[in-house]
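A quick write-up on the structure given underneath.
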Amino acid sequence: MKRFILTITVLAAAVAASFAQEVTKLPAPDMNHPTTNVMEALQNRKSVREYSKQELSLQEISDLLWAAQGKNREDGRMTSPTARNRQEIRVYVFTKEGVSLYNHDDNTLVSVVSGDHRGLCAGPQAFAKHAPVILLMVADFEKYGSEAEHAKTMVFCDAGIVSENINLYCAAAGLCTVPRGIMNHEGLVKLLGLSSKQIPVLNNPVGYAK
């Protein structure tokens, strides 16, 4: 009996350790990272569909995610506003190594699945899967608390705000992106284990100019 209990304890510890390893602490966003001003970013903003093979560093990914949906106040509010502060937009990060969910509250990436699944975000537009990073915005209506027509309008607007934050940051920081609504919705729902109330809405491939 003691051996059985010991075995269960060891297995539980191993499972806990494996889950702990799936969380990546991102470096703090670099507030001194050189970027253009807002007016220049608006002037430079454009949709780009070709990307070089240059990878983004973990620092660059951290800065990008903070701009998209980072915590910018101690009360947990974010760089991207949401209706009634529901914070119902989930941002998934797709790279060649795997897919992670961004947790803005503690600035971490929580691993969801390993492997290169960028093709699901690309859908029929193959160019997108060549971007080193793709950010996918998923609307969580369960977290919002309503699926009424007005709620859908507000939630989809919130997703658009996150995407625009990405667009402007990329324009300011010398990165390239394009907001997209095309993707393999069914494949993404299955891959990420989403419920019927969690809907992939937009995605932004991000990289350097080719």
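In this chain, residues are counted from 1 in sequence order. Given the structure is predicted, the values throughout are model-derived calculations rather than measurements.
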For the residue pair [X] and [Y], confirm or rule out a side-chain donor-acceptor distance under 3.5 Å.
X      : Y      : value
Ser163 : Asn204 : yes
Glu60  : Tyr208 : yes
Asn203 : Arg180 : yes

Spell out, yes or no, whether [X] and [Y] are grouped together once hydrophobic residues are joined by side-chain heavy atoms under 4.5 Å, including indirect joins.
X      : Y      : result
Leu56  : Tyr92  : no
Leu135 : Leu192 : no
Ile166 : Val133 : yes
Val110 : Val112 : no
Ile134 : Met137 : no

Do you know the tightest heavy-atom contact between [X] and [Y]?
X      : Y      : result
Asn107 : Pro29  : ND2-CD, 4.0 Å
Glu147 : Lys152 : O-CE, 3.3 Å
Leu202 : Leu136 : O-CD1, 3.4 Å
Pro132 : Ser52  : CD-O, 4.3 Å
Tyr102 : Leu109 : CA-CD2, 4.0 Å
Pro124 : Ile182 : CD-CG2, 3.4 Å

Taking everything shown except [X] itself, do over 12 heavy atoms lie less than 6.0 Å from its [atom1]?
X      : atom1 : answer
Glu186 : CD    : no
Glu40  : CD    : yes
Glu50  : CD    : no
Lys25  : NZ    : yes
Met39  : CE    : no
Lys71  : NZ    : yes

Could you tell me if the side chain of [Y] sits less than 4.5 Å from the side chain of [X], heavy atoms only?
X      : Y      : value
Ser47  : Pro179 : yes
Leu191 : Val113 : yes
Cys121 : Leu188 : yes
Ser111 : Val23  : no
Met31  : Trp66  : yes
Thr82  : Glu88  : yes
Val201 : Val138 : no
Tyr51  : Lys210 : no

Rounded to the nearest 0.5 Å, what separates atom [atom1] in [X] from atom [atom2] in [Y]?
X      : Y      : atom1 : atom2 : result
His33  : Leu64  : NE2   : CG    : 10.0 Å
His185 : Leu120 : NE2   : CG    : 11.5 Å
Asn167 : Leu175 : CG    : CG    : 11.5 Å
Phe141 : Ser196 : CZ    : OG    : 11.0 Å
Thr79  : Asn72  : OG1   : CG    : 6.0 Å
Asn44  : Thr35  : CG    : OG1   : 11.0 Å

Does [Y] offer a backbone N or O that forms a donor-acceptor pair with the side chain of [X] under 3.5 Å?
X      : Y      : value
Gln87  : Gly76  : yes
Ser146 : Ala151 : no
Thr177 : Pro205 : yes
Arg86  : Gly145 : no
Asp63  : Asp30  : yes
His117 : Ser114 : yes
Asn165 : Ala67  : yes
Gln198 : Ser195 : yes

N-O pairing of Arg90 and Asp140 below 4.0 Å: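 Judged by the 4.0 Å cut-off on N to carboxylate O distance, Arg90 and Asp140 do form a salt bridge.
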What's the verdict on side-chain contact (heavy atoms from CB on, under 4.5 Å) for Val91 and Val162, showing C-alpha distance, side-chain angles and the deciding distance? CA-CA 9 Å; Val91 177; Val162 176; 4.2 Å; yes
Might you work through the side chain to side chain donor-acceptor pair (under 3.5 Å) test for Ser57 and Gln59, ending with a clear yes or no? CA-CA 5 Å; Ser57 69; Gln59 181 66 64; over 6 Å; no
Does Lys53 form a side-chain contact (heavy atoms from CB on, under 4.5 Å) with His130? I'd like the steps, not just the answer. CA-CA 8 Å; Lys53 294 182 179 180; His130 299 298; over 6 Å; no
Lys/Arg cation over aromatic Tyr144: Arg84, 6.0 Å, 45° cone: yes
From the list Ile161, Ile89, Asp158, side-chain contact (heavy atoms from CB on, under 4.5 Å) partner of Ser80 resolves to Ile161
